[in-house]
Each structure stands twice: as C-alpha cells, then as structure tokens.
Amino acid sequence: MDERLKKLDELRRMKINPYPYKYERTHTFTELKEDFEKLSQSEKTVASCGRILAIRGHGKTVFATLTDETSKMQVYFRQDRLGDRFAVFGLFDIGDFIGIKGNLFKTKTNEITILVSDFALLAKTLRPLPEKWHGLKDVEIRYRKRYLDLIANPEVREIFKKRTRLVGLIRKFFDDHGFVEMETPILQPIYGGGEANPFKTYYSALERDMYLRIADELYLKRLIVGGYEKVYEICRDFRNEGIDRFHNPEFSMIEVYQAYTDYEGIMDLVEHLVEFLLDNLSDSRTMVFCDREVEFKRPFKRIRYTDALNEKLGFDILSAKESELDKTCKAHGIDYKILSTGAKIDKLFSELIQKYIIEPTFVIDHPKVISPLAKVHRKDERLVERFEFIMFGIELANAFSELNDPVEQRKRFEAQLAQKAEGISKIDEDFLEALEYGMPPCGGLGIGIDRLSMILLDQPSIRDVILFPQLRQER
RNA sequence: GGGUCGUUAGCUCAGCUGGUAGAGCAUCGGAUUUUUAAUCCGGUGGCCACAGGUUCAAAUCCUGUACGACCCA
C-alpha cells in the first residue's frame, strides 16, 4: 500500500487527478465485441472504461486486461503512439479504474483489442486485489467483504443477478395474474403470523417497544378485510434465531392472499408459478440441486401430513398420549422437554418425513395444533386445510385456506398462548377486530425467496444467495 | 448447545515423526514493440489466529479462547 500511496503522490505532482468526476463512455466491452466488424472498419475512436485486471508489459508496449460489468477487454498501449504519456501508465496498478480511447483491431492470436490513442485514470486503488488465477476462496472473506468476492469471482456476480431476475419474474407472475403489490409495516407493535422469536426495538416517538416483523400475514389479511381481493408483498422478515445453511435471521419472503379461493386454488397457483419460473430461467423442467436431479411435472405429488407420519410411526399421532409422543421423540433423538405438543409433532415430521422428500411435493392437511391461522379441514376437524411445498427436503412454501372465523381465531390464539408457543406474546386484538368486520374466504401463501433461490440457482448455502450474510464480530 | 475440521506473506497453498519460515501469483528493480496464467534476471515482504503449557528447542505436541466451515441437537 505504501508503494501505491507514493504513486498517488507522483500522479498529483504531475497534475493528474487520481479521482476525477466522470468519463464519457461510447461503448461497453460487450458492445465493442458485438459490433466489432463495423467498429473496426471505422476511423472513429471508441471510448470505454473499466478496472485493470492484468498488466503485461513489453518494454515499449503494454497489454492490459480491463473489465467492466459486462465483459473483459484487452487494451494495447504503444509508446510510439502515446509518446511521453506512455510513461504515465507505469503509475497504474492492477485494480485501478481507467478510461481509454482508441480503435479496435484483432491481434495475431485473434483477440479483439483496443489500440489506445488516449487514456485517463478514473480512480486509483490503494490495496492489491485478490489473486487473479485462483480467485478468492476463503469463505469468511468472501462473506465479510463481498465486494472482493464479486471482483474476484465473476460467477458470484452472475448468481446475484439471477436472483434479482428470479424476484422480478415472481413479481411479474403475480402482477400478470391481477395481484396488487402492497407495503405493510416492518416495525410492528405486536408480532405474529409465524412461529419465531422476534427482534425487539424501541420506538422513541411513540414511547413503546416494537418488533421487527416475523411475517406480514396479519397485515395483508387486514387488506383483504379492506376489500382488496388479490394482494402480495415481497418482504424482508426477521427471526431472532439460529443461523445455518437454510436459515438467515433476516430473510426474504413473498406472501400472497387471494379472496374467494382455498388452499386447492393456491396449490394450483404455486404449480403455475414454478412452471413459469422454470420456463423463464432454464431450458428444461429438470432441476439439479446439490448433485440430485428432480423433474417438475404438474400436478406435483401430494402427501397427507398425518397419513405419512402415522404410517412411519405405526400409531395415530393425533390420538397419541403425551407420554407416547415423548417416548417417540426420545427414540429419535429429539429433545422434547422444552417443546409444546405441536412442536413435538412438527419436529417428528421434519425428521422422519420432510428430510426424505426430494421430488416437488405438496404436504397437505396438517394437524390443527400446529396451524393457528388455518381454517379447519372441511372433512376432519382435527386437521386444517394447509399445505407446505417441499423439495430436496427443504420447505419452500406454506399456505392455508385462511381462518376467517373471528371467534375461532381468538380460541386458537388463546390455545397458542396457553401452549407458550413461539410467535405470539399477546393476542392481537386489532387483528381480531378486523376479522370481526368480516374477511371473505381466502387462500394465503408464503414462499421463502432465499431458499427458492438456493434451489433454482443450485447454491448449497443460504449465504451464497444473500449478499451480506451476518457473521460474528471479528476480533 | 455438542462433535469434526480449518486459521502460515496481499491472494492460493506447501511445510513429514519437534531442529534457523517456503512456492506460485501480487508487489519492487532490470530486460523485452502482438502478449494473454506472457517470459527472463534480481529483490522486498511473516506476531505461523490469540493466550498459556510441555521441551534444550514449538508453525508442528497439549490446554484454553476467538473466528469460520460442515455435521448433529
């Protein structure tokens, strides 16, 4: 870094501003390559700019490789063309941003190159870049200093662009189906709509505790009460819990609510969404994730939650005694002591069934105890009308026929409180009051966007699809 | 929370059963007018994550801590 600071001084002595204000670019590197035939015939010079990736000096000439966001480009400096200015290039380093003007030609190895007739420093770098050949591998640096990861590993830049395209497609799908995108509060006085511990904060102006939302559900339902019939929100939610390959405390979801439909209608919607995403993101309806291949074919497989679990356990989970549940949990190495009845059942399900679901599958008709916001199943009052969309053992979506009976909803909240379940600390009276004004029959859906990105982009860790994952403080 | 593995130059990595710290790239100086992981010659660069312990001697063995990865809960 000392060497580079010296060069910086030297440049200033030469009256060269190392941090000028702008550069007029005529073409990106990709545009230059695409229009090579036409541009290389022309006498007119082109102007491009980018970061220096490599310098290959040959005495009175220099080849350098530059990169802009779109592509790489080789540029060629010759002393006989640049005269005294040629020496200025000696003060440039790998990593610096420069602008060049010149004409396109092909070298004898057939590489499109700019013969430089004029150049300018656009920004001097002080620190050396990670090595060009091996890239940056240290995952800790890749996550802590993502900008270095993005410089050194262009494929990572591609992943995040694809993620953005994916979110754009999701938005387009729902817009095209007549849904309206809404924005609801991130800071909530009462949290709810999911099972999780919240992040807590303090709202000075209102002199009260607030929570970062764990879900948007209860606000979007208020919008259905208000008369909208198809709404969605692409939201950042926050859950104050563990971090692992599939969990980041701060994560992205889309929640969708549609009036006058039920979970069957939502299943249909999800199938079409997934199909739409695949058709726009990849060439086939086959998907590879962590070396396992899966084919998408409508209709997706459906598995009844309790049937699957009962078959595996050999007894009926819903009529089982608490002691029997405890025994079963213990047998499967689950620490049941701190868990509510519902949590025990759900834990068993994840361990014994969900883990092994690879094909795109709707797990349907969950027990009522683990689904406080879902409507009772029309054929079995111990169950609710709910589905989870699961593949590769990962839960991607969760949906219900939404409970709209305010009296029943109050009972469920009270039961949740009595169970000391996560995700509720007190009853959201305002929400219940909204339901008392009447919510039409409604299907609701939540999709984890990070996990969906993981699967569609074949990334093994959620941190590979989140630009700035939180890590512990460095010491 | 538990287990396993990792942490050595700016980056990627070697470093054996303990004996003076190594390579490639980057960087600096020199040569080089079509190179492209350019090449050739010469140099700089290290609190071996941190703190203890064992030993005549520790990057190496032991203990603890921090951070990270993976697995389990």
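In the text below, chain A, chain B and the rest are named by the order of the sequence lines, each starting its count at 1.
When each of A:Gln470 and A:Glu351 is assigned the nucleotide of RNA chain B bearing its nearest heavy atom, the one mapping closer to the 5' terminus is A:Gln470. Toward the 5′ end of RNA chain B lies the nearest nucleotide of A:Asp93, the other residue of the pair A:Lys60 and A:Asp93 mapping further downstream.
Taking the side chain of A:Val139 as heavy atoms from C-beta on, and the options B:A69, B:U34, B:A26, the nearest nucleotide is B:A69. The side chain of A:Phe63 lies closest to B:U34 when the candidates are B:U34, B:C70, B:U12. Comparing atom distances between the A:Thr107 side chain and each of B:U35, B:A69, B:C70 picks out B:U35 as nearest. Side-chain proximity of A:Arg78 to the nucleotides B:G68, B:C11, B:U34 is greatest for B:U34. Comparing B:G10, B:U34, B:U35 by their nearest atom to the side chain of A:Glu111 picks out B:U35.
Residue contacts shown for A:Tyr76 include a base, since a base heavy atom lies under 4.0 Å away. Within the 4.0 angstrom heavy-atom criterion, no nucleotide atom of any strand lies near A:Phe77. Within the 4.0 angstrom heavy-atom criterion, no nucleotide atom of any strand lies near A:Arg142. Counting non-hydrogen atoms under 4.0 angstrom, A:Gly135 reaches the backbone sugars and phosphates but no base. The residue A:Leu148 sits apart from the nucleic acid: no heavy atom pair falls under 4.0 Å. A:Lys7 comes within contact range of the sugar-phosphate backbone alone, with a heavy-atom separation under 4.0 Å but no base atom that close. Residue A:Thr65 is classed as having no contact, given no heavy-atom separation below 4.0 Å to the nucleic acid. Using a 4.0 Å heavy-atom criterion, one finds that A:Ile334 contacts the sugar-phosphate atoms exclusively. The residue A:Asp80 sits close to a base: some heavy atom pair falls under 4.0 Å.
At a threshold of 4.0 Å, the pair A:Arg386-A:Asp365 does not count as salt-bridged, since none of the basic side-chain nitrogens sits closer than that to a carboxylate oxygen. With respect to the salt-bridge test (charged N to carboxylate O, under 4.0 angstrom), the residues A:Lys347 and A:Glu351 do not qualify. A salt bridge between A:Glu233 and A:Arg213 is present, with a side-chain N of the basic residue lying under 4.0 Å from a carboxylate O of the acidic one.
The C1' atoms of B:G22 and B:U60 are separated by 15 Å, rounded to the nearest whole Å. The gap from the P atom of B:C28 to that of B:U44 amounts to 15 Å, rounded to the nearest Å. Nucleotides B:C48 and B:G18 have their C1' atoms positioned 15 Å apart, rounded to a whole Å. Between B:A73 and B:U17, the two P atoms lie 35 Å apart (nearest whole Å). Here the separation of B:C5 from B:A49, taken at their C1' atoms, is 16 Å to the nearest Å. Look at the C1' atom in both B:G52 and B:A21: the space between them is 23 Å, to the nearest Å. B:C61 sits 28 Å from B:U12 when the C1' atoms are compared, rounded to a whole Å. Here, B:U55 and B:C62 have their P atoms 16 Å apart, quoted to the whole Å.
Interface remark: the A:Gln74 side chain does form a donor-acceptor pair with the B:U35 base, using a distance-only criterion of under 3.5 Å.
What separates NE2 of A:His247 from P of B:A73 is a distance of 14 Å, to the nearest Å. Whole-Å rounding puts the A:Asp138 CG to B:G10 C1' distance at 13 Å. Rounding to whole angstrom units, CG of residue A:Leu5 and C1' of B:C28 are separated by 15 Å. Put simply, CD1 on A:Ile141 is 14 Å from P on B:U7, counting in whole angstrom units. Atom-to-atom, NZ of A:Lys108 to C1' of B:U33 comes out at 10 Å; the value is rounded to the nearest Å. If you take NZ of A:Lys137 and C1' of B:C11, they are 11 Å apart, rounded to a whole angstrom. In this structure, A:Glu131 atom CD and B:G24 atom C1' are separated by 7 Å, rounded to whole Å. Between A:Leu53 atom CG and B:A37 atom P there is a gap of 13 Å when expressed in whole angstrom units.
The shortest distance between the side-chain N/O atoms of A:Lys132 and the OP1/OP2 oxygens of B:A38 is below 4.0 Å. For A:Arg56, no side-chain nitrogen or oxygen approaches OP1 or OP2 of B:U35 to under 4.0 Å. Not one side-chain nitrogen or oxygen of A:Arg127 sits closer than 4.0 Å to the OP1 or OP2 atom of B:C11. Checking the phosphate oxygens (OP1, OP2) of B:G68, a side-chain nitrogen or oxygen of A:Arg472 falls inside 4.0 Å. Within the structure, every side-chain polar atom (N or O) of A:Arg81 is placed at least 4.0 Å from both OP1 and OP2 of B:U34.
A donor atom on one side chain and an acceptor atom on the other are found under 3.5 Å apart for A:Thr341 and A:Glu322. For the residue pair A:Ser323/A:Asp326, the side-chain donor-acceptor check at 3.5 Å is not satisfied. Side chains of A:Arg51 and A:Thr125: no donor on one and acceptor on the other come within 3.5 Å.
For B:A69, the paired nucleotide is B:U4, the pair qualifying as Watson-Crick or G-U wobble because both relevant distances are below 3.5 Å. Pair assignment for B:G64 gives B:C50, based on Watson-Crick or G-U wobble hydrogen-bonding distances that are each under 3.5 Å. Under the Watson-Crick or G-U wobble criterion, with both distances below 3.5 Å, B:U33 is left unpaired in every strand shown. B:A59 is unpaired under the Watson-Crick or G-U wobble criterion, no partner having all donor-acceptor distances under 3.5 Å. Pairing of B:U12, defined by two Watson-Crick or G-U wobble distances under 3.5 Å, is identified with B:A23. Across all strands shown, the partner of B:G42 is B:C28, judged by Watson-Crick or G-U wobble contacts whose two distances both fall under 3.5 Å.
Remark: the backbone N or O of A:Arg412 is not paired with any side-chain donor or acceptor of A:Glu414 at under 3.5 angstrom. Under a 3.5 Å cut-off, the side chain of A:Ser40 and the backbone N or O of A:Leu104 do not form any donor-acceptor pair.
Partner of A:Leu277 under the side chain to side chain contact (heavy atoms under 4.5 Å, CB included) criterion, chosen from A:Asn280, A:Leu273, A:Val274: A:Leu273.
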